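These notes are about the structure you will find just below.
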Amino acid sequence: MYFSYSDNQRAQDAINITLFHWGIHGWIVYVLIGLLLGFIAYRNDLPMTMRSCFYPIIGDKIYGTLGDFIDIMSIVCTMFGVCTSLGIGVLQINNNLRRLAYQFTGKENAIEENTTNQIIIIWSITAIATASVITGLKVGIRRLSEICFALGMFIMLTVLFYDDTWFCLNVFVQSLGYYVQWFLQLGFHTDAFAQLGKAPDGKEASNWMDDWTIFYWGWWIAWSPFVGMFIARISRGRTIKEFINYTLTLPVLYCFLWFCIFGGIGIKMEREAALANVTCSSVLGGKNATESFNGLYRLSCRGKNDMWFDVINQYKGIGGFLSVMSLISLVLYFVTSSDSGSLIIDCLSANGDPNPPIIQRIFWALTEGACATALLGAGGETSLTALQAVSVSSGLIYTLILNLMCVALWRALKIEGGDLDPEGPQFATDLLDVLYNPTKTKIIKVIVATFAPWWPLGKVAAKLFNTSHWPYMILFAVPFYTWAILLLLQIENPGLPYVGWAILIAFFAYASGVRTNIRAKYRINGNMVEDFFAVMLMYPLAAVQMENHMEITDLMAAPDLEDGRTRSGSIVMTDGANYEKGVEGNGPDAVHGYSQDKVQAYYNHTTPM
């Protein structure tokens with residue numbers, strides 16, 4: 001017996017996929033950033049800006065170039081995320097205005113759906129958003145958000161009571177159960193076989209995940225600096241448990257209720273239209289129809305900007321009223337998105353100042369409008385497709401930052417719980433030391449490590465294991481240059497580079513093993529996973545860091561006291577002036593467990609760039 005995939009099951013799967021896109025998997029990025037930023041900013045009295053999230057990892061270096069890069073990326077992601085939403089929303093608002101004008105005047109082109117009108121709508125929204133952002137978070141932004149939420153609740157409840165209430169509630173309860181059941185499977189589903197595009201029965205959509213799921217994730221991530229920072233700002237005084245409960249449960253359940261009600265009603269209309277023989281070519285209810293067939297439209301044939309109003313207008317007596325209320329809600333929604341996004345960008349560009357200058361608020365609000373206008377003016381809806389691609393691209397870059405934020409949150413909580421000492425043993429120099437304190441010698445070391453990593457790594461292994469350096473240099477040089485040679489030979493054999501990449505992974509594994517042994521010997525905080533990714537992503541910097549650490553260890557062992565004794569003993573390498581008390585040294589100026597004089601001799605033997 002073959003399994004029959006019924007229309008009922010397809011309908012449930014459609015709802016389930018929607019909840020997957022708008023459920024915990026989407027909201028978690030907001031919760032991550034909001035929790036980390038709020039925890040770090042309020043507990044450590046740091047500025048409310050994205051760079052502060054990385055304080056548990058890089059400490060005061062958040063105030064340098066790396067911190068600037070993080071804030072700049074956050075501004076870019078927020079700008080593109082808000083502009084993408086604004087541009088798409090304007091298309092829908094313009095469509096609704098055209099339909100309302102037709103209903104009240106009987107003239108089909110009373111308000112045309114064109115770029116000029118869409119630009120007018122953009123600047124109307126921008127003007128209201130600018131006025132709102134000037135008044136600040138507690139006045140304009142707060143009140144408009146409350147009004148927008150109230151209107152949304154009003155529309156949803158009106159439709160719930162007007163339509164088949166029990167059906168809508170059954171869809172919600174049933175879909176919630178399906179979501180819980182399929183939560184893990186959907187979260188790990190990658191459409192692996194469908195992406196091959198080679199199913200013998202032809203039942204596949206190889207580009208579906210790229211067009212929908214990946215786009216949604218990129219869009220969610222592009223919004224994450226904005227929403228996460230916004231949530232953090234309004235969550236002072238909450239416990240971690242309260243924060244998670246309020247941000248990861250109530251919003252998700254509200255989204256589920258909304259999509260189950262309107263998604264269920266939309267599917268019901270589609271099925272009733274199919275039973276009524278309404279097709280895409282039908283004059284009434286078809287693809288290009290201006291009138292419904294007894295209140296029905298074939299939604300699968302309709303444009304994405306028409307579907308909402310097709311559903312809303314089916315309710316006799318209040319369809320027009322609900323359309324007007326929807327229009328007002330849409331405008332206010334994009335106003336609140338724009339003004340909130342502008343305020344967050346203001347705060348980021350003002351280094352976390354909660355009350356940035358008014359002129360700066362106006363600048364960013366107008367910049368968002370100008371960005372959306374430029375793209376619309378350049379190519380209409382096609383340009384918005386490009387903007388969506390930019391939004392996803394910026395989200396992709398920010399995904400790397402989010403991964404590091406997971407590490408930062410883990411470390412922040414471990415430090416707060418007393419399980420991790422932030423002043424505990426560390427490498428003698430920072431992994432990115434050459435970026436913060438560049439000298440000619442350091443730059444030369446990085447260049448050497450880039451093209452000949454076997455040289456510093458071989459010396460490090462030799463000192464670590466107290467043996468000759470040449471065997472280790474050969475062990476590092478062979479896989480590294482084999483990889484390089486195989487890449488060059490791809491002209492002759494296209495399969496050789498893949499062998500080379502496998503060999504390079506072996507090189508990374510061996511190098512990370514050496515770094516892990518250094519950690520174990522000097523009791524440095526960290527783990528082998530961090531070591532592997534540090535070597536794989538930044539092998540020249542990791543090699544130089546290990547080389548510096550071992551050189552400074554030798555420096556510690558050199559006679560320094562008047563009687564010829566050394567300072568090594570049981571001193572533990574630490575970051576800062578933390579070394580074992582009772583051991584002689586140069587007082588509070590001793591760093592990393594060795595004398596300040598030797599530190600200066602090591603760091604200042606070349607002139608800074």
Side-chain angles (χ1 to χ4, degrees), residues 54 56-59 61 66 399-408 410-411 414 420 424-435 442 445-487 497-554 572-575 592:
F54 292 85
I57 298 179
I58 60 177
K61 292 183 175 64
L66 185 57
T399 301
L400 300 176
I401 297 178
L402 283 174
N403 288 332
L404 293 176
M405 285 185 179
C406 294
V407 178
W410 176 81
R411 286 197 173 187
K414 294 281 283 186
L420 182 64
Q426 299 178 15
F427 280 98
T429 60
D430 191 85
L431 186 64
L432 304 177
D433 180 63
V434 69
L435 301 179
K442 291 178 183 179
K445 280 188 173 183
V446 172
I447 294 175
V448 170
T450 301
F451 298 100
W454 52 270
W455 178 257
L457 290 174
K459 292 193 297 181
V460 167
K463 292 179 181 179
L464 183 64
F465 302 115
N466 195 26
T467 184
S468 173
H469 59 268
W470 286 113
Y472 292 104
M473 287 185 175
I474 294 173
L475 285 175
F476 282 114
V478 170
F480 183 80
Y481 289 127
T482 300
W483 162 71
I485 293 171
L486 291 177
L487 286 183
Y498 305 110
V499 178
W501 286 110
I503 294 174
L504 183 65
I505 294 298
F507 166 81
F508 289 150
Y510 189 39
S512 62
V514 172
R515 198 169 192 264
T516 300
N517 276 281
I518 294 176
R519 284 189 184 276
K521 182 175 181 178
Y522 296 100
R523 293 181 285 172
I524 299 173
N525 292 328
N527 54 68
M528 63 177 62
V529 176
E530 293 180 6
D531 293 332
F532 180 78
F533 280 101
V535 172
M536 183 178 70
L537 300 177
M538 297 176 287
Y539 76 86
L541 301 182
V544 171
Q545 182 192 44
M546 288 186 277
E547 182 184 19
N548 290 342
H549 186 88
M550 300 308 295
E551 287 179 354
I552 294 176
T553 301
D554 287 346
V572 178
M573 306 282 286
T574 63
D575 185 46
H592 296 298

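Values in this document were obtained by computation on a predicted structure and should not be read as measured data.
- Remark: Y472 OH to L464 CG distance equals 8.0 Å, nearest 0.5 Å.
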List the atom pairs, with distances to 0.1 Å, where a side-chain N or O of residues 477-487 and a protein N or O form a donor-acceptor pair under 3.5 Å, not counting sequence neighbours.
unit_1	atom_1	unit_2	atom_2	d
Y481	OH	F451	O	2.8
Y481	OH	W454	NE1	2.9
T482	OG1	V478	O	2.5

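- By the 4.5 Å heavy-atom criterion applied to side chains, L66 and K61 are not counted as neighbours.
- Expressed to the nearest 0.5 Å, how far CG of L431 lies from CD1 of I57 amounts to 11.5 Å.
- Rounded to the nearest 0.5 Å, atoms CZ (R515) and CG (L457) are 11.0 Å apart.
- Few gaps surround OH on Y510; more than 12 heavy atoms of other groups in view lie less than 6.0 Å from it.
- With a 4.5 Å cut-off on side-chain heavy atoms, V434 and K445 do not count as touching.
- In this structure, A461 and F476 approach most closely via the heavy-atom pair CB-CE1, 4.5 Å.
- In this structure the side chain of N517 never reaches within 4.5 angstrom of the side chain of K521, judged on heavy atoms.
- Distance alone, capped at 3.5 Å, is enough to place a donor-acceptor pair between the Q545 side chain and the T429 backbone.
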Q: Might you work through the side-chain contact (heavy atoms from CB on, under 4.5 Å) test for M405 and L402, ending with a clear yes or no?
A: CA-CA 5 Å; M405 285 185 179; L402 283 174; 4.0 Å; yes

(Q) Between E547 and K459, does the side-chain contact (heavy atoms from CB on, under 4.5 Å) criterion hold? Intermediate values first, please. (A) CA-CA 7 Å; E547 182 184 19; K459 292 193 297 181; 2.9 Å; yes

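- Shown are I518, D433, I552; of these, the side chain to side chain contact (heavy atoms under 4.5 Å, CB included) with F427 is made only by I518.
- Side-chain contact check for I503 versus F507: every heavy-atom pair is 4.5 Å or farther apart.
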Using a 3.5 Å cut-off and no angle test, enumerate the donor-acceptor pairs between side-chain atoms of residues 534-544 and protein atoms at least two apart in sequence or in another chain.
unit_1	atom_1	unit_2	atom_2	d
Y539	OH	T450	O	2.6

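- Here the straight-line distance linking atom OG1 of T553 with atom OH of Y522 works out to 3.5 Å at 0.5 Å rounding.
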